[in-house]
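Heads up: the structure comes next, in structure tokens.
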Amino acid sequence: MSDLVKVTIEGREVEVPRGTTILEAAKHAGVLIPHYCYHPSLPIAGVCRMCLVEVEGWPELAASCATTVAEGQVVHVSSAQARAARQGVLEFLLINHPLDCPICDQAGECELQDYVFQEGRSGTRYGAYAKRFNPVEDFGPDVLYVPNRCILCTRCVRFMEHVAGEEVLNVSERGDRAYIGIDTGHTLDHAWSGNVVDLCPVGSLISKDFLHKARAWDLDRTASVCPGCTQGCSVMLETRDNTVLRVKPRPNAEVNRHFICDYGRLNYDWLNRADRIEVPLVQENGRLVPADWDRAIERTADLLRSAKAPWVGLVSAGVSCEALEAAARLLKMGGGAGAFRVAEGEEAPLPGVPDLALRKERAPNVHGAVAAGFGRDWDRAVAEARHAGLVFVLDEDLKGVEALPSGVPLIYVGTVLPQAARGAAAVLPCANMAEEEGSFVNLRGKRQAYFQAKTPPGMARPAAWVLEEILAALGAGTGVAA
Ligand code: FES
């Protein structure tokens, strides 16, 4: 028996592995069957009945999320019968759902709004909507619950029970009094609980952090990699007016499935820092003065040409592989090497997904730095820096590092100028990870690209560009076109 099953969905023939649900097979055929309770990373519940389709020869409509395909099956998603059934589901949902889209955070990305627009009735046969519950419940550090909007799909309940492994949510009461309850004495403070906000198809579970910040249609979305730890989760950076306003998970079956932890989700303010270095600075008469890029690169190259060996590098494990590789090449020219350090925190796994955790090492490119040849012997590198011919710093905040002796020239390439680098011979402003394209290597050795979501401030350029320009000025690289 073949492991593939041939089915026809909306007139399109597809072959899918045996055991695939009709809903997933339809995706292969390029057909989206409307659904609420189904989610590919959660156990199937089959409670919303929104995914009903007609299967030829069957006496009743089938819930496509819970029905597996069979050889030769012919499925109709948009037949009059299937549409009428889904229209009925939508009408029932709207009896108890307030039409508060103008003030709802989910507007523009609400699946109830979308499906009603797509195939709902144009009017209601019911009277005024009766509010049943308190307007808002505080569920946890970043989650609010608006029970009047809840369509009881139970995705949040299943996520907490089967994926987070902390069974704190439930369906309380029955019928039109049913709502999502939280166990007495508990809050939604699990390290991964913010995912319930993404899973909620309507505006019932919302993020406090994002509350009333922006409308969904005003946001630009850019594929990126979470800079929070070595896991390297795929994320979407959502920006408006050149500011990162929200971080959402981006599906990646090999790394994070559909989830990100709350640390990664909420730790983005630094991408919007206002105290950035905006122009190249060079030392003149004991002061740092602004310079254009040509002069700054030339001055830096002169410094490097005249610097004695060895050169020491103090680099960040938060910059791109491209910048780290160029920095390693540069340091090699001075017979030197470099090191990095990384902040550590508590590891927080997501039990329902193998090999997914908020990792202890809170920087995205520790493994890229190691691959580029940087060591973890930070203290030794700092000690050596005090006697080096030249010190090169790549976006390291130098916290706890004493200012270097006056005879040791310092070149600082970074986003923000730390106190310890105020005496640098040259300061070259670079973009942060949201402002450039680049790649990080995660803890499993997977190199993943991220893309530019906002523009860097002033004259700041990607660190890799800055380094390639320096290398080109020294005759050691091709340089990147300006
Ligand atoms: Fe199939 Fe809810 S998606 S019943």
Side-chain angles (χ1 to χ4, degrees), residues 5 7 9-10 14 16-56 58-70 73-97 106 109-121 147 149-163 169-172 174-176 178-180 195-205 251 257-259 352:
V5 175
V7 286
I9 300 173
E10 290 293 84
V14 277
V16 291
R18 191 173 298 283
T20 305
T21 61
I22 294 177
L23 195 147
E24 282 296 334
K27 286 187 193 168
H28 287 278
V31 176
L32 176 69
I33 301 176
H35 58 276
Y36 288 124
C37 66
Y38 174 75
H39 187 280
S41 283
L42 296 176
I44 292 168
V47 293
C48 76
R49 316 314 285 174
M50 189 59 197
C51 65
L52 294 175
V53 293
E54 193 181 332
V55 181
E56 274 186 18
W58 286 29
E60 290 174 351
L61 296 174
S64 60
C65 71
T67 310
T68 51
V69 289
Q73 219 168 34
V74 180
V75 177
H76 301 286
V77 179
S78 303
S79 68
Q81 213 192 346
R83 282 178 82 94
R86 294 200 299 271
Q87 217 168 46
V89 171
L90 289 169
E91 188 176 16
F92 272 125
L93 290 175
L94 285 180
I95 297 170
N96 290 312
H97 188 92
Q106 191 85 359
E109 52 189 5
C110 170
E111 288 166 43
L112 185 56
Q113 204 177 40
D114 289 348
Y115 292 145
V116 169
F117 183 73
Q118 194 178 299
E119 53 184 32
R121 291 173 62 91
R149 293 179 189 152
C150 183
I151 62 167
L152 294 160
C153 70
T154 70
R155 283 187 189 178
C156 54
V157 177
R158 281 173 284 144
F159 172 79
M160 290 310 295
E161 181 179 347
H162 299 282
V163 185
L169 298 180
N170 57 61
V171 178
S172 296
R174 291 295 176 263
D176 67 350
Y179 62 94
I180 300 299
N195 289 292
V196 298
V197 173
D198 306 326
L199 290 168
C200 182
V202 295
S204 189
L205 290 165
R257 267 207 230 156
H258 292 86
F259 310 119

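Every value quoted in this text rests on a predicted model; they were computed, and no experiment measured them. Numbering of ligands and ligand atoms starts at 1, following listing order. Any value given below was found using the heavy atoms of this structure, including those in side chains, with hydrogens, waters and symmetry copies removed.
- At a threshold of 4.5 Å between non-hydrogen side-chain atoms, the residues C200 and R155 do not count as touching.
- Summarising the geometry, atom CZ belonging to R257 is positioned 9.5 Å from atom CG belonging to L42; distances are rounded to the nearest 0.5 Å.
- Take a cut-off of 2.8 Å around atom 1 (Fe) of ligand 1: the protein N, O or S atoms inside it are C51 SG, C65 SG.
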Stepwise side-chain contact (heavy atoms from CB on, under 4.5 Å) test for T154 and V171: CA-CA 8 Å; T154 70; V171 178; 3.7 Å; yes

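- Atoms CG and CG, on L205 and N195 in that order, are 11.5 Å from each other to the nearest 0.5 Å.
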N/O donor-acceptor pairs under 3.5 Å from side chains in residues 29-39, not counting sequence neighbours:
| residue | atom | partner | partner atom | Å |
| --- | --- | --- | --- | --- |
| H35 | ND1 | I33 | O | 2.8 |
| Y36 | OH | E111 | O | 3.1 |
| Y38 | OH | E24 | OE2 | 2.5 |
| H39 | ND1 | S41 | N | 3.0 |

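- Checked by atom type and distance alone, the side chain of R86 pairs as donor or acceptor with a backbone atom of L52 at under 3.5 Å.
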